Q: 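Handing you a structure now.
Keep in mind that this is a model prediction, so the values were computed, not measured. One is the number of the first residue; the rest follow in order along the sequence.
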Amino acid sequence: MFLNNSKHSKLFILEANMKPYLQNLTRLFCVLLFMLCGCNTQPGIWKNEKIEPEKRNEFHDRNNHALELMKSGSFKLLTLMMSKNLRENHYAEKVAGRIGNFLNDHQYHLHGEYYCVNNHPGDNDIKITNEGINNREFQFNVDEKETYFAFYLPENIANQDIITLVFSKFGYGWKLSDISIEPYRINGKTGPELFESAKAAYHKGFLIDAVNDAALANTCINPANFWHYACDADLKSFYSKTGKMADDQYPTPLMIDLLPTRPRIVGVFLKTTEKGAFPLVYYLSSVKLEDTTAIKKENKQLRKAIDKVMPGLNQDKKFVYYAAFNQMPSSEKEVDRFDMIDTLR
């Protein structure tokens, strides 16, 4: 009996000595588990290199895989990366196809990325400051705690459409929750920068330029559905005001009495090319389009007169495009035209 008690005593002592060790081991395990599972899961927003390197590499791998699938037109495989809601969006395939076409036409680079951990589901925002007139806010509504945004831009072109990839962490893993491609820069300028150009033109008395630049600004003022510039409301008000002023000041058709042939301007539009967006003047001519020599002569005279009729139209631009018609152009039927380009610089 004493021998057995002795054994039990020794075992009890051994177990008692092991308890602090086991407790420390348990604490260590809990700390390691927290470190592995809890990195960057506290509420916050991380941008670019501020994102934890290992996590950032994982995001880049997902981005590259998604972009490659779009570039190759492999939409069915891309759906495996999509959230349930995005898969059910009937526009998703068209958007993915358009992104794929742009990727095949241009070299793109990562312009910026944001990793957001939400405190609670619902409305969230990311405020981007210290960028002057380009200050902006991302306003989004998500039920998931973790969201990642990536933006890609083409290189070395004047008109840039921005590709947006949004990944959210669902109960079934990280999935694409949104994709889009929208205008970001035109003539090398963002929406707010174009708005500044429009206001500057307006103060110079260049009303048509003001309207055109405001129209371009309006085109790229929301590069993604959650992207909002601070000047958004002011731009829309300015565009509406100047558009009405232009309609009142330049009723169409506008007779150009300075020319002996008295052409009539029926509209000034914007022509978008790979080199940028430039004015396109539609006008009715009494000169037969078949007489190309006479049409070109009249157009040279119109180029000299246009700055008096519409100040600023042919200033500070690379090109102004002209289209001469003998019949009123119509969206209902195609009519003959003669196209010409005034290369200014």
Side-chain angles (χ1 to χ4, degrees), residues 39-41 43-72 74-75 77-83 85-87 89 91-118 124-129 131 134-157 160-170 173-185 190-191 220 222-229:
C39 293
N40 275 8
T41 55
I45 298 166
W46 292 265
K47 177 183 177 182
N48 298 339
E49 68 279 355
K50 299 297 183 181
I51 301 172
E52 180 187 308
E54 185 176 353
K55 189 178 289 290
R56 193 183 187 199
N57 289 336
E58 292 175 1
F59 288 141
H60 289 181
D61 287 342
R62 292 191 195 97
N63 294 346
N64 294 336
H65 186 43
L67 293 173
E68 282 300 321
L69 291 176
M70 284 186 266
K71 188 174 181 179
S72 63
S74 305
F75 184 72
L77 291 175
L78 183 66
T79 59
L80 300 177
M81 299 185 69
M82 291 181 173
S83 67
N85 286 341
L86 189 58
R87 285 200 303 268
N89 186 330
Y91 289 111
E93 185 169 6
K94 291 182 179 179
V95 175
R98 187 161 173 257
I99 291 174
N101 291 336
F102 272 74
L103 290 170
N104 282 307
D105 290 341
H106 305 285
Q107 288 290 327
Y108 271 73
H109 67 273
L110 182 62
H111 178 63
E113 57 188 330
Y114 299 84
Y115 169 52
C116 178
V117 179
N118 308 314
N124 295 273
D125 57 30
I126 298 174
K127 292 184 179 180
I128 301 165
T129 57
E131 295 195 17
N134 288 312
N135 284 348
R136 55 198 179 273
E137 188 172 5
F138 299 160
Q139 298 174 348
F140 54 99
N141 186 295
V142 293
D143 294 328
E144 293 67 47
K145 186 175 182 180
E146 297 177 66
T147 310
Y148 168 77
F149 302 84
F151 304 97
Y152 287 82
L153 281 178
E155 299 174 358
N156 304 319
I157 59 175
Q160 296 176 309
D161 284 3
I162 195 166
I163 294 172
T164 300
L165 305 180
V166 182
F167 283 89
S168 299
K169 189 175 183 180
F170 298 87
W174 280 97
K175 297 292 180 181
L176 267 174
S177 55
D178 193 17
I179 56 174
S180 66
I181 179 166
E182 297 292 342
Y184 174 67
R185 286 194 185 107
T190 64
C220 51
N222 295 119
N225 57 15
F226 52 81
W227 184 313
H228 302 280
Y229 285 112

Q: Find the distance between CD1 (I45) and NZ (K127) and round it off to the nearest 0.5 Å.
A: 10.5 Å

Q: Tell me whether the count of non-hydrogen atoms from other residues, nucleotides or ligands lying under 6.0 Å of CD in E49 goes above 12.
A: yes

Q: Do the side chains of L67 and Y108 get nearer than 4.5 Å, heavy atoms only?
A: no

Q: Taking the side chain as every heavy atom from C-beta outward, state whether W227 and T164 have any atom pair closer than 4.5 Å.
A: no

Q: Looking at every non-hydrogen atom in both residues, tell me the closest pair between F75 and A96 and how far apart they are.
A: CD1-CB, 3.9 Å

Q: Tell me, do L80 and L69 make a side-chain contact under 4.5 Å, heavy atoms counted?
A: no

Q: Quick one: pull up CH2 in W46 and CD in E52 and give me the separation to the nearest 0.5 Å.
A: 9.5 Å

Q: Among L86, I179, D178, exactly one meets side chain to side chain contact (heavy atoms under 4.5 Å, CB included) together with V95. Which residue is that?
A: I179

Q: What is the ring orientation for F151 with F138, classed by angle as parallel under 30°, tilted 30 to 60°, or perpendicular over 60°?
A: tilted

Q: For E155, look at atom CD and say whether over 12 heavy atoms of other residues, nucleotides or ligands are found less than 6.0 Å away.
A: yes

Q: Grab the two heavy atoms, one from F170 and one from S168, that are nearest each other, plus how far apart they are.
A: CD1-O, 3.3 Å

Q: Are L153 and R185 close enough that some pair of their side-chain heavy atoms sits under 4.5 Å apart?
A: yes

Q: Heavy atoms, side chains only, cut-off 4.5 Å: are I163 and L103 in contact?
A: yes

Q: Can you tell me if Q160 uses its side chain to pair, donor with acceptor, with the backbone of P154 under 3.5 Å?
A: yes

Q: Would you give the length of the straight line joining atom NE2 of H109 to atom OH of Y152, rounded to the nearest 0.5 angstrom?
A: 10.5 Å

Q: What distance separates I51 CD1 from E54 CD, expressed to the nearest 0.5 Å?
A: 13.5 Å

Q: If you measure from CG on L78 to CE on M70, what distance do you get to the nearest 0.5 Å?
A: 5.5 Å

Q: Grab the two heavy atoms, one from P223 and one from S180, that are nearest each other, plus how far apart they are.
A: O-OG, 4.5 Å

Q: If you define the side chain from C-beta out and look only at heavy atoms, does anything of F102 sit under 4.5 Å from I99?
A: no

Q: Where do R87 and T79 come nearest, in terms of heavy atoms and distance?
A: CD-O, 3.3 Å

Q: Measuring only between side-chain heavy atoms, which start at C-beta, is I126 closer than 4.5 Å to E137?
A: no

Q: Judged by atom type as modelled, is there a donor-acceptor pair below 3.5 Å linking the side chain of N48 to the main-chain atoms of G112?
A: no

Q: Could you tell me which non-hydrogen atom of I181 sits nearest to which non-hydrogen atom of R98, and how far apart they are?
A: O-NH1, 2.9 Å

Q: If I compare all heavy atoms of A66 with all of F167, which pair ends up nearest, and what's the gap?
A: CB-CZ, 4.4 Å

Q: Is a side-chain donor or acceptor of N118 paired with a backbone partner of E144 at a separation under 3.5 angstrom?
A: yes

Q: Look up atom NZ in K47 and atom OH in Y114, then write down how far apart they are to the nearest 0.5 Å.
A: 4.0 Å

Q: Taking the side chain as everything from C-beta on, heavy atoms only, tell me whether L165 gets closer than 4.5 Å to M81.
A: no

Q: Does the side chain to side chain contact (heavy atoms under 4.5 Å, CB included) test come out yes or no for H60 and L110, once each step is laid out?
A: CA-CA 9 Å; H60 289 181; L110 182 62; 3.6 Å; yes

Q: Could you give me the CA-CA distance, side-chain angles and deciding distance for W174 and E146, then say whether side chain to side chain contact (heavy atoms under 4.5 Å, CB included) is met?
A: CA-CA 9 Å; W174 280 97; E146 297 177 66; 3.6 Å; yes

